[in-house]
**Q** 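Structure below; questions to follow.
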Amino acid sequence: MSVSKCWSEQARLSERLFNFIIKTLNKYGMLFEEQPQGFSNVEMKSV
């Protein structure tokens, strides 16, 4: 297997993973309109 073919396959798999992550985040409404700026005074609690 050539190096370029290995990189092409890796790129294809990475793109599929990225699309899956975006779809999952979108499904649960976890995408932001813009990058969050900071989380000062935030307390993490188990739900």
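Atoms considered below: every heavy atom in the structure, side chains included; atoms not considered: hydrogens, waters and symmetry mates. All of these numbers come straight from a predicted model, not from anything done at the bench.
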**Q** Same hydrophobic cluster for L31 and L17, using side-chain heavy-atom links shorter than 4.5 Å among ILVMFWY?
**A**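 Linked within one cluster.
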**Q** Are the charged groups of E15 and R12 less than 4.0 angstrom apart, N to O?
**A**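 No, E15 and R12 are not salt-bridged.
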**Q** Working to the nearest 0.5 Å, report the span between CD of E9 and NZ of K5.
**A**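 Output value for this atom pair is 8.5 Å.
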**Q** Hydrophobic cluster membership, with links at side-chain heavy-atom distances under 4.5 Å among I/L/V/M/F/W/Y: are I21 and L13 in one?
**A**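 Shared cluster, no.
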